[in-house]
Every structure is written in C-alpha cells, then in structure tokens.
> 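Before we start, here is the structure in question, set down as structure tokens.
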Amino acid sequence: MTQDQSVATDLPRRKSRMPQKQRVSMILSVARRMLAERDYNAVSVAEIAAECGIVEGTIYRFFKSKRDLMLRVAEDWMEQEYRIGAAYAHLTGTRERIYYLIHSALRTTYDFPGLSRFLLTEVRPDPNYRKMRIYKLNRTYTSAIREVCQEAIASGEFHDRISTRLIRSVVFGAMEHETWGHLRGEGRIVVTDVARELTDLIYEGMRNRNAPPQGALPLPERVERIEARLARLEAALTRDHDQKI
C-alpha cells in the first residue's frame, strides 16, 4: 500500500467538524427552546450539551457560564421579537401607533413567558443592567412610545402637562403588572383587551381637549405654537439626559 493510498483510507474515518458559527447557533437555538419552556433554574448546561450532541466543555469554550449563555439568548430574542415591524411605518394616527407598540410588547411577553421571566427576575436586578446590550435594546423599543407622544404634543393633539418619560413608565409598568400573573402561571390575560384599554388610558388622558381646532388658527400662529412645544420638549429631553433617566 502506498502512502497516498494510506491517507485516502484514513479520510473516511475522520469526523467532519461543524463550523464554529454553526455550532454556536445550534447551542443558542437549543438553549432558547429550553428557556422558553421552563424557568432559568430548571435548565442545565449539561442538558443543552446533550441535546446538541456535544460535550459540556464545548459550550464553555464559547460562553463563560450558563448565565452568560442565557443572557446571549435573551439578547438575540429581544432583538428579534421586540422590533418595530414594517407595518408601523404605515400607521399615521397617534392612537393606532400607540396601540401597535403596546400590543406588540404584550404579545411577545405573553407568548414567551420563560424568556420574559428570565429578564424580569435574573437580568433586570443585575447591578450592571444599564451597561448591558439588552438594556439598550429595551430602551430602543420603549423610546418609541415617547416619540409618538412627543409628536402628538408638538402638533397640539396632546397636552404637555405630563412628561413623555412618565408616560413610558406608566405604559410599561402597567404591562409588567398585567402580565405578571401569566408569567407565574397563575392566570391568563386577553392581550387585545389589555392593549386597547391601556391605549385608551394614555390617549384619552393626554388628549388636548382645550386646544381649538388647528384649522381655526392662522398658519403663522399654528407654526409658532408647534415650535414652542418642540422647544419645551427639547428642554425636557435635555433634563432627562442630564439626570440619566
């Protein structure tokens, strides 16, 4: 047997190695499925490895710990699920846009209770939460509510007696409270009903009932009012930034 024949004989017996990117993707996919089905403490790295057909040590080559792995799962999940879809760009009414944002967030929380529990009980209490990528992803989504309200205030549709920062807190605080029973397995909610009622609460509470119809004012005065509201909003946002809220 020649040397070339010996090499050719050995080749079929060698196992092909899965590319690193594909292996990490498989680990994340299995971990996400398990975390979606159960609590964080009920999922083990050994079980994830067995499901992937690899040894446990392989996972620790890519992730420092189980928590590090699950945090990456939660980040990827939030980036995928808590995104503003293309349909949002075609909505022009303030009420419709607020409803869309509230309903989307409620539906995601409702459909993925395991991941939502992990965020609330394991990630949010972390002292370094505000430095995490997942915090920035969450802020990107929740800031959309503020932007809608800022535009409505600038146009005169909403009054400006309540800060958009507080509106955001009311919206997402209420959603967290309403979904907590479901996340604990103690009850269910009707997502469309909660989204509608919360939208009505914000819209009717902020609607400017004292402003005259925009068409009743001369154009220069309408422009002046809008510019004044924008100036107040800019000042308020600057204060929020300075206070790191």
Side-chain angles (χ1 to χ4, degrees), residues 32-33 35-40 70-126 129-130 132-153 157-158 162-207 237 240 245:
R32 173 171 170 166
R33 176 172 55 78
L35 186 57
E37 295 169 352
R38 316 176 216 161
D39 284 335
Y40 170 73
M70 292 308 187
L71 184 59
R72 170 68 182 278
V73 167
E75 289 173 345
D76 290 352
W77 165 71
M78 178 167 280
E79 190 167 36
Q80 177 184 349
E81 298 296 335
Y82 277 87
R83 65 186 187 278
I84 299 175
Y88 180 77
H90 300 287
L91 299 175
T92 56
T94 299
R95 185 192 292 269
E96 289 77 13
R97 293 167 74 191
I98 291 174
Y99 176 84
Y100 176 95
L101 293 169
I102 292 175
H103 183 274
S104 297
L106 277 170
R107 173 54 63 188
T108 299
T109 301
Y110 187 84
D111 289 345
F112 299 93
L115 283 156
S116 298
R117 279 193 302 270
F118 175 67
L119 286 180
L120 291 173
T121 62
E122 299 292 334
V123 179
R124 286 257 296 270
D126 192 308
Y129 173 60
R130 288 177 178 266
M132 296 180 182
R133 173 171 166 253
I134 201 165
Y135 170 75
K136 296 177 181 178
L137 290 170
N138 183 62
R139 294 284 291 188
T140 297
Y141 187 88
T142 60
S143 65
I145 285 285
R146 295 190 69 178
E147 291 170 4
V148 173
C149 294
Q150 286 160 6
E151 291 175 12
I153 292 171
E157 184 178 5
F158 280 3
I162 298 175
S163 72
T164 58
R165 177 187 58 80
L166 184 59
I167 294 171
R168 180 193 62 198
S169 298
V170 168
V171 168
F172 290 95
M175 285 196 289
E176 183 176 320
H177 183 81
E178 286 295 306
T179 56
W180 185 237
H182 170 67
L183 297 184
R184 288 172 55 88
E186 296 173 348
R188 300 175 67 85
I189 63 171
V190 179
V191 171
T192 52
D193 288 350
V194 175
R196 175 180 49 78
E197 292 174 10
L198 188 50
T199 299
D200 287 344
L201 176 68
I202 298 303
Y203 188 85
E204 294 303 326
M206 289 298 299
R207 185 161 61 89
L237 289 174
D240 283 351
I245 294 178

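As a basis for the values below, the full set of heavy atoms in this structure was taken, side chains included, without hydrogen atoms, waters or symmetry mates. We're numbering straight along the sequence, starting at 1.
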> Find the distance between CG (Leu137) and CE (Met132) and round it off to the nearest 0.5 Å.
12.5 Å
> Which atoms form the tightest heavy-atom contact between Ile162 and Met206, and what is the distance?
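Taking every non-hydrogen atom into account, CB-SD, 4.0 Å.
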> Looking at OG1 of Thr92 and NE2 of His90, how far apart are the two atoms once the value is rounded to the nearest 0.5 Å?
11.5 Å
> Mind checking whether Val73 and Phe118 have side chains closer than 4.5 Å, heavy atoms only?
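They are not in side-chain contact.
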> Supply the atom-to-atom distance Lys136 NZ to Ser143 OG, rounded to the nearest 0.5 angstrom.
14.0 Å
> As an exercise, state the distance from CG of Asp76 to CG of Leu71, rounded to the nearest 0.5 Å.
9.5 Å
> Could you go through Arg97 and Glu151, starting from their C-alpha distance and side-chain angles, then the distance that decides it, and tell me whether this counts as side-chain contact (heavy atoms from CB on, under 4.5 Å)?
CA-CA 11 Å; Arg97 293 167 74 191; Glu151 291 175 12; 2.9 Å; yes
> According to salt bridge (charged side-chain N to carboxylate O under 4.0 Å, His left out), who are the partners of Glu176, at least two apart in sequence or on a separate chain?
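With neighbours one apart ignored, the set is Arg124.
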> To check you understand the geometry: which heavy-atom pair defines the closest contact between Glu79 and Arg133, and what is its length?
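Result for this residue pair: OE1-NH2, 2.5 Å.
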> Distance from Ile167 atom CD1 to Thr142 atom OG1, nearest 0.5 Å?
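One finds 13.0 Å between CD1 of Ile167 and OG1 of Thr142.
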> Suppose the criterion is ring pair (Phe, Tyr, Trp, His ring centres under 6.0 Å): which pairs have a residue in residues 182-206, not counting sequence neighbours?
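Those involving residues 182-206 are Tyr110-His182, Phe158-Tyr203.
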> Please tabulate, for the side chains in residues 98-107, all donor-acceptor contacts under 3.5 angstrom to protein atoms that are two or more places apart in sequence or on a different chain.
| residue | atom | partner | partner atom | Å |
| --- | --- | --- | --- | --- |
| Tyr100 | OH | Gly85 | N | 3.0 |
| Ser104 | OG | Tyr100 | O | 2.9 |
| Arg107 | NH1 | Asp111 | OD1 | 3.2 |

> For Arg95, which residues count as a salt bridge (charged side-chain N to carboxylate O under 4.0 Å, His left out) partner, sequence neighbours excluded?
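Expected list: Asp200, Glu204.
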> Going by the side-chain contact (heavy atoms from CB on, under 4.5 Å) test, name the single residue among Leu119, Leu120, Asp126 that passes it with Val123.
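For Val123, the side-chain contact (heavy atoms from CB on, under 4.5 Å) test succeeds with only one of Leu119, Leu120, Asp126, which is Leu119.
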> Do Thr109 and Met175 come close enough that some side-chain heavy atom pair is under 4.5 Å?
no
> Distance check, rounded to the nearest 0.5 Å: Arg139 atom CZ versus Arg146 atom CZ?
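Between Arg139 CZ and Arg146 CZ, I get 7.0 Å after rounding to 0.5 Å.
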> For Glu96, what residues pass the salt bridge (charged side-chain N to carboxylate O under 4.0 Å, His left out) criterion, not counting sequence neighbours?
none
> Can you see which heavy atom on Tyr135 is nearest to which on Arg130, and at what distance?
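For Tyr135 and Arg130, the tightest heavy-atom pair comes out as OH-NH1, 2.9 Å.
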> Considering non-hydrogen atoms only, spot the tightest contact between Leu183 and Ser116 and give its length.
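Nearest heavy atoms, Leu183 then Ser116: CD2-CB, 3.9 Å.
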> Glu186: which residues meet the salt bridge (charged side-chain N to carboxylate O under 4.0 Å, His left out) condition with it, sequence neighbours left out?
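Counting only residues at least two positions away or on another chain, Glu186 forms a salt bridge (charged side-chain N to carboxylate O under 4.0 Å, His left out) with Arg184.
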> Report the C-alpha separation of Tyr129 and Ile134 in whole Å, then their side-chain angles, then the decisive distance to 0.1 Å, and conclude whether the side-chain contact (heavy atoms from CB on, under 4.5 Å) test is met.
CA-CA 8 Å; Tyr129 173 60; Ile134 201 165; 3.9 Å; yes
